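Note that ligands are numbered from 1 as they come in the structure, with each ligand's atoms numbered from 1 the same way. FYI, side chains are in, hydrogens and waters are out, and symmetry mates aren't considered; it's all heavy atoms of this structure. Not measured: the values here are computed from a predicted model.
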Amino acid sequence: QLRAGQSRIMSLLVLDMGNPFFVDLARGAERAAREAGLGVMVCNSAQSPAVEAEYLSMFAEQRVRGALITPADPSGATLRAFRRHGIPYVVVDRVAGDEPGCSVAVDDVAGGTLALRHLVDAGHRSLAYVSGPPHLKQVQDRREGAHKALAEAGLPASHLYELPTDRLDVAAGRDAGARLLGLAHRPTAVFCANDLLALGVLQSLYAAGVRVPDDMSLVGYDDIEFASAATVPLTSVRQPATTLGTIAAHLLLQETGPHATDHHHEHIVLRPELVVRGSSRGPC
Ligand code: RIB
C-alpha cells in the first residue's frame, strides 16, 4: 500500500482532450514529471463536473502523487474534495483567486484586451465575440478584457455582439459562424474565445463565400499549431501552453514527495502575446 506522496504517478485532468492546447500543456507537464522520475496519467473531464468527480475518487483510491487540474466544476467543489481526500493539486489555466493551493495560468483579461485592441486599432467598429460556456473563467476573463479594449477606445459595449456557444470546439465554431452569417448587421470582425472556435467559424465563412480577412477579420486564442497552418493563417492570442504544464508540474513536485515544501498558495500568472497573421486587418 503506497503511502501519500510515494506514488510516481501524477494525474493531469484536462477539460477537452480533443483540444491541441491541452496536448501542448501535457507535453510540458510530462517532461517535467519524467525528469523527476514520475509519469503523468492524462484524464479528460470533457467539460463535465460529473466526470471530474469520478476521477477524483480514482485519484484518491490510487493515491496519486497529486493532480494538475483545469477545473470543469466552477463552484470549487472538486478542489475542496481534493483537499478532503488529501490529494495535493495545482490549478492550471485558470487564475485561482482566493482558493488555497497553487495555480498557474495566463492573464486572460489581458489576452482579451490584446485581441480587441488589435481589431479596434485596425478600424473595426462592428465586432462580435464568439464565447464559450459562460461558467468557464477563461471565457469570462477574455470577455472582460475585450470590453476593456472597447472602453479604452471610448466605444460603447454594444459594439461587441456576443454569440455564446456551449462547447469550445470546432463544431460549436461552425454553428457560431452560421449564426454570424444570419445577422442582419454582419460584424466586420470576430474574436473567438479559442482557436478551435475560430477554425469552425472560418469553415462556415469559407463555405458561404465570405472572405477572411477581406469581408471579415478573425482572431482566435491559444495559438495552437493549427492556427498558423489554417487556410488563412489565424491571428491569435498566444498562450505558452507547454510552459503552463511545466510550471504546474514543478509546483506539484515541490509540494509533494520527499522534499515537500508548502507553497503558501503560489499563484503564477503569465502574460499572453498577440500573434498577428493573415486572418485580420482593417475593414475595407
Ligand atoms: O478548452 C478550454 C480553453 O481554455 C482552451 O482552448 C484554452 O484556451 C484554455 O485556456
Quiz item: If you look at every heavy atom in G18 and D16, which pair is closest and at what distance?
Solution: N-OD1, 2.7 Å
Quiz item: Evaluating non-hydrogen atoms only, which member of D222, V237, N194 is closest to atom 7 (C) of ligand 1?
Solution: D222
Exercise. Kindly confirm or rule out an N or O of Q239 lying under 3.5 angstrom from an N or O of ligand 1.
Key: yes
Practice problem: Determine whether the side chain, the backbone, both or neither of R142 has a heavy atom under 4.0 Å from any heavy atom of ligand 1. | Solution: side chain
Quiz item: Looking at K137 and D141, does any basic side-chain N land under 4.0 Å from a carboxylate oxygen?
Solution: yes
Exercise. Give the residue, atom name and distance (to 0.1 Å) of the protein heavy atom nearest atom 2 (C) of ligand 1.
Key: L168 CD1, 3.5 Å
Quiz item: Passes side-chain contact (heavy atoms from CB on, under 4.5 Å), Y89 versus L79? Steps please.
Solution: CA-CA 8 Å; Y89 65 81; L79 302 181; 3.8 Å; yes
Self-check item: Distance from atom 1 (O) of ligand 1 to nearest protein heavy atom, with residue and atom
Solution: F22 CE1, 3.3 Å
Quiz item: Counting each atom of ligand 1 from 1 as listed, which ones have a heavy atom of D93 under 4.0 Å away?
Solution: 4 (O), 9 (C), 10 (O)
Exercise. Under 4.0 Å, heavy atoms only, figure out whether ligand 1 is touched by the backbone of N19, its side chain, both or neither.
Key: side chain
Practice problem: Report yes or no: do S126 and H159 form a side-chain donor-acceptor pair below 3.5 Å? | Solution: no
Practice problem: Start with the C-alpha gap between L12 and E30, add the side-chain angles, then the distance that decides, and say whether side-chain contact (heavy atoms from CB on, under 4.5 Å) holds. | Solution: CA-CA 9 Å; L12 169 62; E30 186 277 334; over 6 Å; no
Quiz item: Does R142 make a cation-pi contact with Y221 (under 6.0 Å, within 45 degrees of the axis)?
Solution: yes
